[in-house]
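Input: a single structure, listed below in structure tokens.
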There are 2 protein chains.
Amino acid sequence: MHAARMSVRHGEYCPLDCTLGILSGKWKSIIVCRLMHEPLHFGEIHRSIPSCPKRTLAMQLAELEEDGIVARQVEHEGAVIRTRHSLTESGASLATIVRQMDEWGMEYLSRLSTLPDKTVQAA
Amino acid sequence: MHAARMSVRHGEYCPLDCTLGILSGKWKSIIVCRLMHEPLHFGEIHRSIPSCPKRTLAMQLAELEEDGIVARQVEHEGAVIRTRHSLTESGASLATIVRQMDEWGMEYLSRLSTLPDKTVQAA
DNA sequence: CAGGATCCACACAGATACTG
DNA sequence: CAGTATCTGTGTGGATCCTG
């Protein structure tokens with residue numbers, strides 16, 4: 001188990017760091033957001049996050065699966081193989097917290113008032 | 001601003017990654033937990049997290065200050081100089097989410113049922 | 001389509017020693 | 001007491017190419 005190992009960082013199992021560890025991959029938070037509303041195929045996720053290399057996306061998805069956040073479902077359609085990725089129950093409950101972090105971030109960023117000419121937008 | 005820069009990782013300001021960025025330093029979550037109940041001096045924090053090197057602790061605190069989560073207050077007591085670190089308002093509101101992440105982590109870890117002989121304990 | 005293999009670059013943090 | 005200055009190592013992710 002990936003994040004459970006990380007959660008032992010400070011010498012003992014720390015639930016907080018476990019949660020953070022699960023989301024701390026560079027693209028994991030975005031992936032959870034993408035899957036929050038509907039299951040998606042690998043290619044769909046990939047196209048929705050173009051700047052994330054395929055191999056990296058595969059790694060992040062694999063870790064989220066190890067951690068029981070994302071479920072994978074292989075679909076043989078004739079010769080083609082597609083993979084459906086969806087949130088598990090744990091994943092869905094995590095998504096609730098993700099939304100709160102997003103909301104906190106929006107308030108936080110809007111308090112910084114002086115943003116260099118880009119606008120804040122929700123994930 | 002430290003985390004605000006990080007939040008632009010995916011090509012646009014992402015509040016969610018901003019929040020995660022603020023807490024993503026190796027010891028930042030623990031630091032916020034320590035300051036959650038009361039302000040502490042540098043040495044006190046240091047003693048409460050012995051495995052974190054001084055220089056690293058100083059860095060993490062500095063970044064949390066840059067991000068407006070922790071406030072620093074220097075106290076000249078005769079010749080000695082002490083520094084009080086406390087949560088700002090933003091820090092306090094962040095602590096609320098931190099608690100939820102901790103609770104989620106506890107449920108998550110307890111669902112993994114088979115833990116290698118250490119017990120789960122809250123931060 | 002959905003990855004695996006390989007190699008590499010860089011940010012982050014640890015060790016150690018020094019200052020006001 | 002509360003940091004700073006270097007110097008170094010490792011984890012994490014990126015680039016590129018290959019496969020079933």
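Below, chains carry the letters A, B, ... as their sequence lines are ordered, and counting in each starts from 1.
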Atom-to-atom span, [atom1] of [X] to [atom2] of [N] - whole angstrom:
{"X": "B:Leu64", "N": "C:dC12", "atom1": "CG", "atom2": "P", "value": "14 Å"}
{"X": "A:Ile22", "N": "D:dT12", "atom1": "CD1", "atom2": "C1'", "value": "18 Å"}
{"X": "B:Glu63", "N": "D:dT4", "atom1": "CD", "atom2": "P", "value": "12 Å"}
{"X": "B:Leu57", "N": "C:dA15", "atom1": "CG", "atom2": "P", "value": "13 Å"}
{"X": "A:Arg47", "N": "C:dG3", "atom1": "CZ", "atom2": "P", "value": "14 Å"}

Can you see if the side chain of [X] gets near the phosphate of [N] - specifically, an N or O under 4.0 Å from OP1 or OP2?
{"X": "B:Thr56", "N": "C:dG14", "answer": "yes"}
{"X": "B:Trp27", "N": "C:dC12", "answer": "no"}
{"X": "A:His85", "N": "C:dG3", "answer": "yes"}
{"X": "A:Lys26", "N": "D:dG14", "answer": "yes"}

Task: Hydrophobic cluster partners of A:Val74 (side-chain heavy atoms under 4.5 Å) - done: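 When side chains under 4.5 Å apart are linked, the cluster holding A:Val74 also contains A:Ile81.
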
Task: Interface with DNA chain C, restricted to residues 71-83 of chain B and to heavy atoms under 4.0 Å - done: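 Nothing qualifies; none.
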
Task: Rounded distance [0.5 Å steps], OG in B:Ser51 versus NE2 in B:His46 - done: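 Spacing of OG (B:Ser51) from NE2 (B:His46) equals 9.5 Å.
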
Task: Atom pair CE/CG of A:Met101 and A:Leu94 - distance to nearest 0.5 Å - done: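 CG of A:Leu94 is found 6.5 Å from CE of A:Met101.
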
Task: Check against side-chain hydrogen bond (donor to acceptor under 3.5 Å, both in side chains), B:His85 and B:Gln73 - done: CA-CA 7 Å; B:His85 297 272; B:Gln73 185 183 348; over 6 Å; no

TODO: With the side chain counted from C-beta on, respond yes when A:Thr19 and B:Tyr108 share a heavy-atom pair under 4.5 Å apart, and no when they do not.
DONE: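 No, every pair of side-chain atoms sits at 4.5 Å or beyond.
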
Task: Listed nucleotide nearest any side-chain atom of B:Arg55, set C:dC7, C:dG14, D:dA2 - done: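 Nearest listed nucleotide: C:dG14.
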
Open item on the list: Regarding A:Thr83 and A:Arg72, do their side chains bring together a donor and an acceptor under 3.5 Å, going by distance alone?
Closed with: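 Distance-only check fails for A:Thr83 and A:Arg72.
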
TODO: Scan B:His41 against the nucleic acid and name what it touches under 4.0 Å (heavy atoms): base, sugar-phosphate only, or nothing.
DONE: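 Since only primed, P, OP1 and OP2 atoms lie under 4.0 Å of B:His41, the category is sugar-phosphate.
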
- [ ] Show your working on side-chain hydrogen bond (donor to acceptor under 3.5 Å, both in side chains) between A:Ser93 and B:Trp104 and close with a plain yes or no.
- [x] CA-CA 8 Å; A:Ser93 70; B:Trp104 185 90; 2.8 Å; yes

